[in-house]
Amino acid sequence: MAIPADISDTTEEALAVQLDCLRQMTPQERIQRMCSWSGQIRRMAFAAIKRRHPDLTENEVRLKFIALTYGESLAEVIRQ
């Protein structure tokens with residue numbers, strides 16, 4: 001599986017090892033890994049929002065994340 005060079009710093013060899021490791025996991029292990037990665041990415045996004053907007057409260061950071069991820073219309077519904 002080739003990944004275009006402009007979107008990844010992963011070599012073909014490293015990608016092959018990663019895919020092999022994923023293929024050896026049970027479905028439960030894959031789901032656990034996916035949830036872990038998803039949580040890590042969410043925490044990184046929240047941290048980035050906080051860095052860019054240090055004046056926001058935790059609730060405002062959550063709303064900003066929702067607006068950026070799912071759209072301003074959903075964030076507005078949640079605000080009300």
Side-chain angles (χ1 to χ4, degrees):
M1 171 182 224
I3 294 179
D6 60 336
I7 64 168
S8 177
D9 61 356
T10 305
T11 65
E12 287 288 327
E13 295 81 15
L15 180 59
V17 170
Q18 290 173 344
L19 291 175
D20 188 49
C21 288
L22 287 171
R23 288 183 184 116
Q24 293 179 30
M25 291 181 184
T26 66
Q28 182 179 358
E29 290 170 329
R30 288 184 198 175
I31 290 170
Q32 289 172 333
R33 182 63 53 101
M34 178 209 53
C35 289
S36 174
W37 286 338
S38 180
Q40 183 177 6
I41 290 168
R42 192 172 40 258
R43 286 188 297 277
M44 290 168 59
F46 274 64
I49 293 168
K50 289 177 186 178
R51 277 194 309 276
R52 290 186 186 106
H53 305 281
D55 54 315
L56 295 182
T57 65
E58 285 296 315
N59 193 47
E60 291 169 328
V61 169
R62 286 185 190 96
L63 287 170
K64 184 75 166 170
F65 174 81
I66 291 167
L68 291 168
T69 306
Y70 303 106
E72 188 59 46
S73 59
L74 178 59
E76 189 56 39
V77 168
I78 294 171
R79 276 187 195 97
Q80 298 174 4

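Note that the coordinates shown come from a computational prediction; the quantities given were computed from them, not determined experimentally.
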Minimum heavy-atom distance E29-Q24, with the two atoms named = OE1-O, 4.4 Å
Can you tell me how far the OG atom of S38 sits from the CZ atom of R43, to the nearest 0.5 Å?
-> 9.0 Å
Validation row: F46, R62 side chains within 4.5 angstrom (heavy atoms) | yes
Do the side chains of L56 and F65 join up, straight or via other hydrophobic residues, at under 4.5 Å, putting them in one cluster?
-> yes
On a heavy-atom basis, the closest approach of I49 and V61 is CG2-CG1, 4.0 Å
Are I31 and L22 connected in a single hydrophobic cluster, I mean Ile/Leu/Val/Met/Phe/Trp/Tyr linked by side-chain heavy atoms less than 4.5 Å apart?
-> no
Is the shortest heavy-atom distance from the side chain of E72 to the side chain of R79 under 4.5 Å?
-> yes
Could you grab the distance from atom NZ of K64 to atom OG1 of T57, nearest 0.5 Å is fine?
-> 12.5 Å
Rounded to the nearest 0.5 Å, what separation is found between the CG atom of D20 and the CG atom of L15?
-> 11.0 Å
